[in-house]
Structures are given as C-alpha cells and as structure tokens.
Amino acid sequence: MPYEPKTIETKWQRRWVDERVAEVDVREPGQKFYMLNMFPYPSGDLHVGHGRNYILGDALYRHLRMQGHAALNPMGWDAFGLPAENAAIKRGIHPGEWTRANIAREKKQFDRWGILYDWSKEIASCDPTYYRWNQWLFLQLYKRGLAYRGKAPVNWCPSCQTVLANEQVVDARCERCGAEVAQRELEQWFFRITEYADRLEEGLGALTEWPDKVKTMQRNWIGRSIGADVEFEAPVLGRSLTIFTTRPDTIFGATFLVLAPEHPAVVELIESSSDREEITRWIEVVRNQTNLERQSEASGKEGRFTGSFAVNPFTREEIPIWLGNFVLPQYGTGAIMSVPAHDQRDFEFAQQYGLPIRVVVAPAGEEITSAPLTEAYTEKDKGVSIDSGSITGLATPRAIFRILAEIESRGIGKRTTRYRLRDWLISRQRYWGTPIPVVYCERCGIVPVKESDLPITLPLDVPFTGKQGNPLAKMASFVETTCPGCDGPGRRETDTMDTFVDSSWYYTRFISASDTTQIFESDLVNRWLPVDQYIGGIEHAILHLLYARFVCRVLFDMKLVSFEEPFTRLFNQGMITKEGFRDPSENMSWVPLDQVERRDGAAYRKTTGEKLLPEVGKMSKSRFNVVPPDELIDRFGADTERVYTLFIAPPDKEAAWSDDGVIGAHRFLNRVWHLGEQIVAMDTAPMAVDEAAQPMIRKSHQTIELVTARIGRFELNTAISALMELSNSIGDYLNRGGLSRRASVESYLTLIKLLHPFAPHITEEIWERFGGEGLLVTSKWPVPDEALMREAVVRIAVQVNGKLRGEISLPADSAESDVIAAASSHERVQSYLEGKSVVKTIYVPGKLVSLVVK
RNA sequence: GCCCCGGUGGCGGAACUGGUAGACGCACAGGACUUAAAAUCCUGAGACUCGUAAGGGUCGUGCCGGUUCGAUUCCGGCCCGGGGCACCA
C-alpha cells in the first residue's frame, strides 16, 4: 500500500477534533505544564514561516503529553488592530467580519498542520467577553494611579493616523508602516510603567531561562543609570538649576551648563541677552525638527549662549549657561553640567564654541601630558581624580562615592536613578480596539465608567469612509452619554487602547476563558501559571514581553496572582527566509517567480533575458517569495512540511527555505512507511533475535536517549537526524536479510513513537496498523534500556602521539587497564611503538586511548 | 561608539565536558530496475597527493599567535557578517 498522506491526515485530524484530545480540565490534578505560543494577529494568510512557530510548539506539546504531563496548549487571537480597519476602508467589509473570516481560515490551517490546541479555551481580544476585562483592568490601573491622562510630546504616525508608544517607534519611524513619525504635544492616556522600571530591571536577573539577547534588549530599553541630581545656583533666576549626572566625580571640570532648548527656565535665562530674538528663532527651528533630523549625525551639535551664568558649587566659578540641541528635554532634568574633558559630546560642543576644557581625571599610573586633548577621556575603570579638591588622588569609583556624600551633606543634591524608559502611551485614535472606559463631564472632569456598566461595547454600525479621524468620534449615539458621577450630560472617550494592552494579560485568561464574573480565577491561575514554556518571535523582545511583565506585576500587587514573572522559559524561533529576485534594470523591482528562469546557477528574466539578482529575505507578497502551505500539503502532506521545517536548521536560527530540501523529508517519511509494510509482511518470520539485529537494537535505545535530550534542548533538527539514522539502520537490517520479527517490530515501533511529535499523522496510522490505539493518548514515551546500553560494544579510537593509528572494539563497561592493554597490543599500533617507549597514556572512556610515545 | 551573536564542504547544517571534523539531508556522479521517464533502491565523494590496486601521506573549521600529547571547542590579538542600543548626560 503506498503512503498517501492526504487520506491519513484528514482521518487523524478529524479524529483528534472529534475526541477532543487536547482538552484539559484545569481543575483535574496532574503534573501541569503550560505551553504557549504567542497568540497571532489574524491577518488571514499564513505561510510556512508562520508554520514553523506553531509546528515547533506542537512537537513539544506532543512530546510532553507522551511523557505523561498534564500539558495545556491553548490558542487565541490578538484580534484588534489596524489592518482590519484598513481592510474595512479598502473593501467595505466590517473589521469584525474581516477578522472573523481570517480567524476561521487560520484555525483551519492549524488543523491542516495537525496542530493540537485546546479550543475549548479559545479567546479573541475583539470579543466583548474578553475586552470587558481589558476595560476592567484599565479601571484598576486608574484607581491605583497607574493610568493617567496627560499632555506630553508624543509620536504621531501620519499614515496610521494615530499616536504610538515609544516602543512602536523604530529609528524615528512607525514600526508598523514605516512612515516617519512626527512629534506632537497632545493629551493622551498613559500607563505608568516607569513606576515599575526598577522592578522590571531587577526581575531580569531571575529569568535564567530566557535568551540573554532578550534580557539585554530589555535592559537597554529600560536604561537604568545611577547618578545624582546636583543643583547649580543661577543668580539671574534667584534659584538653582538641577542637572543630572552619572559622573559627579568630574564636577570640578564642569566648565559650563547646557540646557535643552525646551527647558522651562529658558525664557527667563535669555531675557537679558542681546541676542534674545535670534535665540528664540533658533529654539523654534530645533523644536520643529523631527526626532530623525534632530538626532542625525549630519545636523551636528548646535547651541546658543543664554547670556546668563551659573555657579559651579565646587570651584565656585561662574560658568556660562548654554542651550544645546543635543540635550533631550525628556531625559533626566533636561539640563546637564558639561565636562568637556571627560564626555565626548561635551568635548565636541566645547571645541565648536571655544569653551574651556579642564582635565580632572587622568589614567592611573600614566604621565599627564600638557598636549591638547583630541578626545574626551571617559574610562571609568582606571581613572584617578586630579585637581579636584577633596577627591584628588582617588580612583574614579571611590571618587564618585566620596563626592556624592559631600553633595548630600551640603544639601546641594542627591543620589538619583534615572531611566530611559518612558510611560506607556496606550490611547489610539482608531476604531478597532478596546474603548477606554472613561467619560468626560463638564462638572466632574474625567470620570471612570462603573465596573457594573462594563463592557462599553464597540458600536458595530460605524461607517468606514477612510477620512481623517476616528469614526467613533463621529457617532453621537456612542459619544453622548450620562456622567457616571453626577448623571449630567457626558461625553465618552473615543480613543481605544493599544492592542498591546490586550496581549499584556491574555495568558491568564485561558485558564478561565468563559468566566463572566471575573477576569480570571486566581487559585487556578496560580496553579497553572507562570507559563512554563513561551514561544514566539524575537520581534516582541521589548514590546509585548515588557508590557506583559509590567502588567503581571500590577496583577501581583493587586494580589490577583502570586508570581511576578509571567513566563518562566522563553524561546524565540528564527524566521524562515526565501530567495526572491530583483531586476537591476527596473529599479531593483521584485520579479514574480513564474518569470524567473534559472540557468547555470544564475537567474534570468524569461521575457527579456536580463540577469536577475537573487536575494534571500523574509517571505512577503511583494517579493513573490511566499511559500503557501496548502500546495505543499496537497503534494507531500503536512507531516513532510513539519519534518522539513524542523529539520532545516536549529529552531532559533534563521533558516532559508529550499523547495528541493522538502523532498528529503518526504523521502524519509516514505521510507518509514515502507519499512512498516515490510515488517508487517514478516508475519511468518521467526521471533528470535539474531546476532545481526544487535546493532539495530542498540541504535534504537541510543536514539531514545538522544532524541529525548535533544527535544529538551530545542535541538529538533538533530533529533530528526537521529531518527533518520535509526530508520536507516532498520532498513539496513532488513535489506541484509535480517529475519527476527521481534527485533524489527520493537525497533520500528520505537522509531514510530519517537517520530510522533514531528510527524503525528503517519505515526498514528502506522501505530494503528500494528494494533495500537491512539499513539498520542495511550503510548508512553520510550525509555532506553540501561543494561543494554552498558553491555553495548563500543569502538574506541587509538592514537599514538595524537595521530589515529587504529580502532578497537570493547564492551562499554571495560576497565581502563583492559582498554589500554588492548590498545597497545593492537597490531598496527605496535608497529608504531617499536623502539620507542610509552611515556603517558590518556583514556577517554568509551571513546579514545591516546599513547604518548618517545 | 557601546553591547550581544555568528564565520565549518557546492548548499542547509553535525560534533556531549578539549578526544576519529564534516553526522543527517539537499544537490551531484556512477550503478540496478524500466522501452523510457518519474519514483524507488544500492554505491561514491573535504581538498591536494603517492600507489596498477589494497592502502598510504599532507593540508583543512575566517586570519595570526598561545596553552595542550591532542583545539571547530580554551586564551590573546585582528578581519568579515548579522542583530540590539545610541547625542539618555
């Protein structure tokens, strides 16, 4: 019977659904394991690159199941967001309809891949039963002062027509659409994530099972700096200016101050300057620059002298107060003390404007030269303070400590920790999101909606014109309401929440997905969470993972959960890339694959014969390099796609898709199938295990050990290669006339069990053919036979002076002395030993004997 | 500029704790089956080199150096590629 993936796969997919094999009763006792793939945005078209993520999760899940865990593997939909709204404008479908159609499509795709999710716990963030709790959570944050409305310079994406969080701005561009973001001073809703900056930073240390890369990115993003706020008297103001510095030890070298042009004291400071008008004009120019312009290297450092002076509290000198475009208003106090000798930026600025440079730190043990500096000396590790009053002669760390004490005792400043992290801007001027449950009242101001009035549902009869602004704002029926405080007329907030709010807590909701009385049941959540294994893309290293860690801590502080970190172990799978082709003669435009002809390792355009440039990259429609899973599955079956996808490369690495490579995976499964046919046909063969079967039996037990260890380490590519080896070894046995039915069946069924997580359909079918019932649900993950492994004969390499001179075969548990004796009496080795003496023997158990000879 | 990761055949990639480098697979070559093709099965292969052959030798994991009986692995210095952060004081 030939291997027909199509019939087999539909049969088993139906059975898994009918028998609800993946459903977990969270109240049942058991050895819990919470597996979770980041829930996707339902955009409709899944390609093999998305598949990698879910297939990986499913393989782990099936492995856990077979190992006897009560494994929970739920799935849901991050279903609010801009693409749905854009689709609505473009095609005249309601975003909800579009989203639901996509969800149905993707769900079907998951089934076709043979992926098992516990669909009884399905959630969709666009569902009022879900976003009701999103609103509830907002109210809790509001109550705790963690949600607030405030005016601040914010990022505005002109193309998406909404404000964005800092985390959604990459290189001054919108993370979604790539448009350059503008700065606007707007009143918006924020979550006070900065309040948790320190805890978020501290918590990273405990995440030992997270990739270092992600932790580093979060650390960079939080950007903790330990330093001091120091006051400099400014006689013109009649008060002092506060600056922030991480190098208080260099204060004796502070020869001027620089303020951000936006600093609130600027107007007063420039009052007496003769250049007041020019300075004001310049400030306007700087303010109107986009962040991209202001921060670009090309525009350089620019500044203006305010005409006023401050007093350095340690040297008592009068130092000029400057304005500089390189000083950021949002960070620290928006003012710095400039120490040009020991800060590169200050150095450049001082050189440009001819400001004094005073050296106050010198490299320990080196001569101090009087030659003019060419760059700032910023080394913190080996510096020693010079010409610095009481701290002269102290090494930098010590000097910092001492000067801080002095600053504090004199009452002119204090130790401070500053963060780069800014509050999370969560309001969006878009329709397709969770309405922020707040009412504006003329009399009462901002009034939160009563919890009993939740959910504030998103009206569905909204016209999508594509014209400027949020359509919600134009709906009188939604906007006009009564104030929950005074029952007078009120206006609803029409901004919706950032969809990252939805995903900041969804992992808790699966546990009580249908609970209508509370956000989740704490006892159950505390039993199942934190998530034991979380899987998703590296693109969420900061955004989603930081927000989730923040919200989890808020839930912890509310005593709703008993843990601060939501995800114990994190795995970031790599992207799948594929070759696409550009036409250099047509502005490097991408060429559809049906127009590409490959000859002699190069690519040409069929119509013109023009040589094309191949480029490997992310799969996308515009590059014409998307591999849709449907065709692949029709041709080879889902098991082939699964095996190939996992075999292609280590799962955390980027991998290039190769259509040819798929064939290898298919051949492998085909071989496995035919081995089964051959073994079934052996029904008259003897049971007795013959000598020829020994290597195969040993191999099967070795493979159990290898595959188990490798799955645990996410080395699925080599786990599969080990299975290929086992299959080859069974094939060898049969081809060379192996006769034992028992040995064949045992080794083969071991292979089938170990292969199940990767190729679930074919293995279930074979299992059934061999009389089994439900491989996933009834069979156990095999365990290697220790005694057999010990008895196994191993081949040991023999070296003389580092060169391989022979091989000996001995039982694995042979004594060292026996192994060395056998090695030295090896025929070829002896010919190398003649006339020489062995000075040293090195024995690596089970592997190698090395004789050092003189 | 700072931080992190990587560099192994024609290609994807193996190598546990320093111990036979190149597993497994693709592509390739030869063979079997076939009228033929596809499919399938068997065999071969890092490079160079000696030998009619069996079988040897030398070089080889980005480059240079070190530790070691032995280095893809450890240490020092470079080169290249990728990623993150970046006037954050």
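Letters A, B, ... mirror the listed sequences (proteins, then strands); counts begin at 1.
For the pairing with A:Q218, the side chain to side chain contact (heavy atoms under 4.5 Å, CB included) check across A:L421, A:L546, A:L207, A:L200 returns one residue only, A:L546.
Rounded to whole Å, atom C1' of B:C3 lies 15 Å from atom NZ of A:K215. Between the C1' atom of B:G25 and the CG atom of A:L716 lies a distance of 16 Å, rounded to the nearest Å. Nucleotide B:C4 holds its P atom 18 Å from the CD atom of A:Q218, rounded to whole Å. Taking atom CG of residue A:N166 and atom C1' of nucleotide B:C85, one finds them 14 Å apart after rounding to whole Å. Note: CZ (A:F256) to C1' (B:A89) measures 12 Å, nearest angstrom. Atom pair A:D660:CG and B:A27:P shows a separation of 5 Å (rounding to whole Å applied). B:C24 atom P lies 14 Å from atom CD of A:Q702, rounded to whole Å. Atom P of nucleotide B:A89 and atom OH of A:Y419 are separated by 13 Å, given to the nearest angstrom.
Across all strands, A:R671 comes closer than 4.0 Å only to sugar-phosphate atoms, never to a base (heavy-atom distances). The residue A:V339 sits apart from the nucleic acid: no heavy atom pair falls under 4.0 Å. Using a 4.0 Å heavy-atom distance criterion, A:E807 is classed as a base contact. At a threshold of 4.0 angstrom between heavy atoms, the contacts of A:R418 with the nucleic acid are absent.
Distance from the side chain of A:E725 is smallest to B:C24 among B:C41, B:C24, B:A89. Comparing atom distances between the A:N728 side chain and each of B:C26, B:C24, B:A89 picks out B:C24 as nearest. Side chain of A:M724, nearest nucleotide from B:C41, B:G25, B:A89: B:G25.
Base-pair partner of B:G70: not found among the strands shown (Watson-Crick or G-U wobble, both distances under 3.5 Å). When both distances must be under 3.5 Å, the Watson-Crick or G-U wobble mate of B:C59 is B:G46. Shown here, B:A32 forms a base pair with B:U40; the pair counts as Watson-Crick or G-U wobble because both key distances fall under 3.5 Å. Across all strands shown, B:A23 has no partner, as no Watson-Crick or G-U wobble contact with both distances under 3.5 Å is found. As the counterpart of B:U52, no nucleotide is assigned, since no Watson-Crick or G-U wobble pattern has both distances under 3.5 Å. When Watson-Crick and G-U wobble pairs are counted only if both distances are under 3.5 Å, B:C85 pairs with B:G1.
For A:R795, the salt bridge (Lys or Arg N to Asp or Glu O under 4.0 Å) partners at least two apart in sequence or on another chain are A:E807. Remark: A:D652 pairs with no residue by the salt bridge (Lys or Arg N to Asp or Glu O under 4.0 Å) rule, at least two apart or across chains.
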N/O contacts under 3.5 Å, protein versus nucleotides 81-84 of chain B?
from: B:G83; atom 1: O2'; to: A:K213; atom 2: NZ; distance (Å): 3.3

Every protein N/O within reach of nucleotides 6-14 of chain B N/O, cut-off under 3.5 Å:
from: B:G12; atom 1: O2'; to: A:I648; atom 2: O; distance (Å): 2.6
from: B:G13; atom 1: O3'; to: A:N717; atom 2: ND2; distance (Å): 3.4
from: B:A14; atom 1: OP1; to: A:N717; atom 2: ND2; distance (Å): 3.1

Contacts under 3.5 Å, N or O only, protein and nucleotides 67-69 of chain B:
none

Show me the donor-acceptor pairs within less than 3.5 Å that the side chains of residues 668-678 of chain A make with the rest of the protein, sequence neighbours left out.
from: A:W673; atom 1: NE1; to: A:M1; atom 2: O; distance (Å): 2.9
from: A:E677; atom 1: OE1; to: A:M1; atom 2: N; distance (Å): 2.6
from: A:E677; atom 1: OE2; to: A:R769; atom 2: NH1; distance (Å): 3.4

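Taking atom C1' in both B:A89 and B:C75, one finds a spacing of 36 Å when rounded to whole Å. Nucleotides B:C5 and B:G60 have their C1' atoms positioned 25 Å apart, rounded to a whole Å. Rounded to whole Å, the C1' atom of B:G62 lies 10 Å from the corresponding atom of B:U8. Comparing B:G6 with B:G13, their C1' atoms are spaced 14 Å from each other, to the whole Å. Between B:A53 and B:U35, the two C1' atoms lie 39 Å apart (nearest whole Å). B:G10 and B:G19: their P atoms are spaced 25 Å apart (whole Å). Comparing the C1' positions of B:U43 and B:C50 gives a spacing of 25 Å, expressed to the nearest Å. With P as the reference atom, B:G57 and B:U68 are 27 Å apart, rounded to whole Å.
Under the 4.5 Å side-chain criterion, counting only non-hydrogen atoms from C-beta, A:V181 is not in contact with A:Q168. Contact of the A:S385 side chain with the A:F252 side chain is not registered, since no non-hydrogen atoms from C-beta on lie closer than 4.5 Å. When side chains are defined from C-beta on, A:P211 counts as touching A:L570, because their heavy atoms get closer than 4.5 Å. With a 4.5 Å cut-off on side-chain heavy atoms, A:E725 and A:L706 do not count as touching.
The phosphate of B:G25 has neither OP1 nor OP2 within less than 4.0 Å of any side-chain N or O from A:Y644. In this model, the phosphate group of B:A89 is approached by a side-chain N or O of A:S225 to a distance below 4.0 Å at OP1 or OP2. Residue A:R667 places at least one side-chain N or O closer than 4.0 Å to OP1 or OP2 of B:C26.
Here A:I663 contributes atom CD1 and A:F636 contributes atom CZ; the two are 5.0 Å apart, rounded to the nearest 0.5 Å.
When the nearest nucleotides of RNA chain B are assigned to A:G661 and A:N670 by heavy-atom distance, the more 5′-ward of the two goes with A:G661.
Listed here is the closest heavy atom pair of A:V360 and A:H342: N-NE2, 3.0 Å.
Between A:Y644 and A:W657, the angle of the ring planes goes over 60°, which puts this pair in the perpendicular group of the 30/60° scheme. Aromatic ring orientation, A:Y353 versus A:F349: tilted (interplanar angle from 30° to 60°).
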* Please assess A:R635 against A:V662 for the test side-chain contact (heavy atoms from CB on, under 4.5 Å), listing each intermediate value before the final yes or no. => CA-CA 11 Å; A:R635 211 168 137 210; A:V662 177; over 6 Å; no
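A cation-pi contact links A:K301 to A:F326, judged by a cut-off of 6.0 Å to the six-membered ring centre and 45° from its axis.
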